[in-house]
Enquirer: 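Sharing a structure, written as C-alpha cells. Questions coming.
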Amino acid sequence: MNITLKFLLLAIFSGVVHLDTMVFGQFMFSRPIVVGPIVGYFFNSPQTGLMIGVILELMYISVIPIGIKIPPDATAATILSVVFANIRECNDLGMPMSIFFGIIFSLVYKFTDIQIRTLNNMYLSWVDTAKAEFVEKRINLLVYYGIVVSFLRTILFYLIVLPIIYFIVKNVCVLIQYCPVKENFRDIIYILPAIGVGIGIAHFMEE
Amino acid sequence: MKFFSLRIAIRSLLIQSMWNYERMQNVGFAFSIKPFINYLYKDKVVQGERIKAHFGFFNTHPYLANLLIGIVMRLEEKYSRGEISSDEVIRTKTMLAGPVAAIGDRLIWSTWRVFCGIVAVSIFLFSGKDNYWFEVNIKLILAIFLFLYNLVHIPLRFFSVYWGYTYSSDVIHKLSKFSIQTKVLSLRKIGILLLLLSALVYSISFEDYVLNIIFWLNIILSILLSKRYAQIIIFYVLFLFNMIILIYK
C-alpha cells in the first residue's frame with residue numbers, strides 16, 4: 001500500500017477514534033495504550049505501537065479535562081508518533097524522534113479543538129431565536145453538526161499534518177544517522193517510561 | 001421509567017458533541033432530556049418551550065451528567081403538576097452541576113481512569129525491556145484496560161439516570177454514604193505500589209547499571225518537577241537531559 005493511501009486511511013481512522021475523546025461516549029478507545037498498538041498493527045509493528053502507547057499513556061496519565069480547560073491531545077500525539085516511528089530512514093531512532101515531534105503537533109490539534117469549540121458558540125442563537133415548534137429539530141441538527149464537523153476537522157488535520165511531519169522526521173533521522181554518538185541515543189526509548197512513572201506517582205501522591 | 005432511563009442514557013453519550021465555551025454542555029443536555037419532555041407534555045409548543053428552558057449554561061462531568069438528568073426529570077414532573085416553578089428546576093440543575101462535577105472529576109478522571117491506565121501499563125513494564133521476562137500479549141493489555149475502565153463507566157452512565165430520577169436531590173447525600181474518599185485513597189495507594197513494583201521489574205531487565213541509574217533518576221526528577229511544571233515541559237526537559245547523559249555514557 002503506498003504512503004498516500006495509508007495516510008488517507010489513517011486520517012479516516014483517526015477521525016473515528018477522535019470522536020471518542022469528546023463527541024461520543026468517552027469509552028477510552030482513544031487512549032494512547034489502545035490507539036498505539038492499533039496504529040502499530042496498521043504498519044505491521046504493534047510492538048512499537050505498544051511501546052509508544054505506554055510511554056504516552058504514562059505521560060498524559062494525569063492530564064484531566066476540567067471545566068473549560070482543554071488538555072493537550074494524547075490521541076493525536078500517539079497516532080502521529082506511531083506513524084513516524086515506522087519511517088524506514090529512521091531505523092531505531094524513529095521512536096524517540098517521533099514522540100518528540102508527535103507531542104509538539106498534538107498541541108496544534110489542541111489549537112484546532114479550541115477554534116471549533118469557539119465556533120460552536122455562534123450557532124446557539126439559532127435555537128434561542130427559533131419558534132417553539134422548531135426547537136427540537138434544531139437541537140438535533142446541532143448535535144449532528146457537532147459530530148460531522150469534529151470528524152471532518154480531524155481528517156483534515158491529519159491530511160495536512162501527516163505529510164509535513166513525515167518530511168521533518170525523515171530528514172531529522174537522516175541527519176542523525178551522521179551523528180557519531182547515535183548508538184547511545186537508542187537507549188533513550190527504554191528510559192522514557194520512567195518520566196511517566198514519576199508523573200503517575202506524583203499525581204497519586206497529591207492530596 | 002427504566003425504558004426512559006435507557007433511552008436517555010444512550011442519547012447522553014452525545015452530551016459533549018456540541019460543547020461550546022458559552023454554555024458548554026447545554027446542547028447535549030437538551031438533546032438528552034428531549035424524549036422525557038416530549039412524553040410529559042403533549043403540546044408541541046410547550047415541548048419546545050421546556051426544551052428551550054434547558055438550553056442554558058450547563059457543565060458537569062459527562063458520565064455523572066446522567067444523574068442530574070434523572071433529577072431534572074423528577075423536577076420536571078413536579079413542574080408539570082404545578083408544584084414548583086421553572087426557576088426552581090433550572091436553579092437546582094445549575095446548583096448541583098458543580099458538586100457532581102467535582103465528584104466525577106475526582107472519582108473517574110483523576111482516579112479510576114488513571115488506575116486502569118496504570119494496570120495496563122504495569123503489564124507491559126512487568127514484561128521487561130524487549131519482552132525480557134515474558135512475551136507481552138498486546139490484545140490482552142487492550143482488553144484488560146477497556147474492560148476494567150468500562151466496567152465502572154457503562155453501569156455508571158446507564159444506572160445514574162434511574163438513580164437521579166428515583167432519589168432526586170437526595171442522591172448527593174446517598175453518594176456521600178459510599179465513602180468515596182476512602183476508596184479513592186485505596187486505589188491511589190495500590191496504583192503507586194503497582195507503578196513502583198513494575199518499574200523495578202522493568203529496570204532489572206536492563207542488565208546495565210548505568211541505564212538503571214538513569215531510569216530511577218528520571219522517576220525521581222519527574223516526581224519533583226511534577227509539583228511545579230506541566231507534563232509536556234517535564235517530558236522535553238528530561239528528554240534533553242537523557243540525550244546529554246547518554247552521549248557521555
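Residue numbers start from 1 in every chain, and the chains themselves are labelled A, B, ... in the order their sequence lines are given, proteins ahead of strands.
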Enquirer: Tell me, for Ile141(B) versus chain A, whether the close heavy atoms (under 4.5 Å) come from the side chain, the backbone, both or neither.
Expert: side chain
Enquirer: Evaluate the ring planes of Phe100(A) and Phe239(B), with Trp represented by its six-membered ring, and classify them as parallel (under 30°), tilted (30 to 60°) or perpendicular (over 60°).
Expert: tilted
Enquirer: Checking the side chain of Asn121(A) only, and the main-chain atoms of Asn20(B) only, is there a donor and an acceptor separated by less than 3.5 Å?
Expert: no
Enquirer: What part of Met243(B) lies closer than 4.5 angstrom to a heavy atom of chain A: side chain, backbone, both or neither?
Expert: both
Enquirer: Identify which part of Val135(A) has an atom lying under 4.5 Å from any heavy atom of chain B, answering side chain, backbone, both or neither.
Expert: side chain
Enquirer: Rounded at 0.5 Å granularity, tell me how far CE in Met18(B) sits from CE in Met22(A).
Expert: 11.5 Å
Enquirer: Measuring from Ile199(A):CD1 to Ile234(B):CD1, what's the distance to the nearest 0.5 Å?
Expert: 4.5 Å
Enquirer: Could you tell me whether the side chains of Asp130(B) and Gln47(A) share a donor-acceptor contact shorter than 3.5 Å?
Expert: no
Enquirer: In Å, rounded to the nearest 0.5 Å, how long is the span from CZ of Phe27(A) to CZ of Arg157(B)?
Expert: 6.5 Å
Enquirer: For the atom pair CG (Asn150(B)) and CZ (Phe29(A)), what is the distance rounded to the nearest 0.5 Å?
Expert: 6.0 Å
Enquirer: If you count heavy-atom pairs within less than 4.5 Å of chain B, which of Leu119(A), Ile55(A), Ile114(A) leads?
Expert: Ile114(A)
Enquirer: Hey, what do you get for NZ (Lys52(B)) to CD1 (Ile139(A)), rounding to the nearest 0.5 Å?
Expert: 9.5 Å
Enquirer: For chain A, which candidate among Phe115(B), Phe206(B), Tyr202(B), Trp216(B) shows the most heavy-atom pairs at distances under 4.5 Å?
Expert: Tyr202(B)
Enquirer: Flag the pair Met28(A) / His153(B) as yes when at least one side-chain heavy-atom distance between them is below 4.5 Å, and no otherwise.
Expert: no
Enquirer: Asn218(B) side chain to Ala194(A) main-chain N or O, any donor-acceptor pair under 3.5 Å?
Expert: no
Enquirer: Could you state the interatomic distance from NZ (Lys129(B)) to CG (Asp187(A)), rounded to the nearest 0.5 Å?
Expert: 6.0 Å
Enquirer: Quick one: of Lys131(A), Met59(A), Glu57(A), who has the most non-hydrogen atom pairs under 4.5 Å with chain B?
Expert: Met59(A)
Enquirer: Please rank Ser226(B), Gly191(B), Ser110(B), Ser198(B) by heavy-atom pairs under 4.5 Å with chain A and give me the top one.
Expert: Ser110(B)
Enquirer: Distance-only, no hydrogens or angles: does the Tyr60(A) side chain make a donor-acceptor pair with backbone N or O of Ile232(B) under 3.5 Å?
Expert: no
Enquirer: Between Asn242(B) and Ile188(A) (side chain of the first, backbone of the second, donor and acceptor by atom type, cut-off under 3.5 Å), is there such a pair?
Expert: no
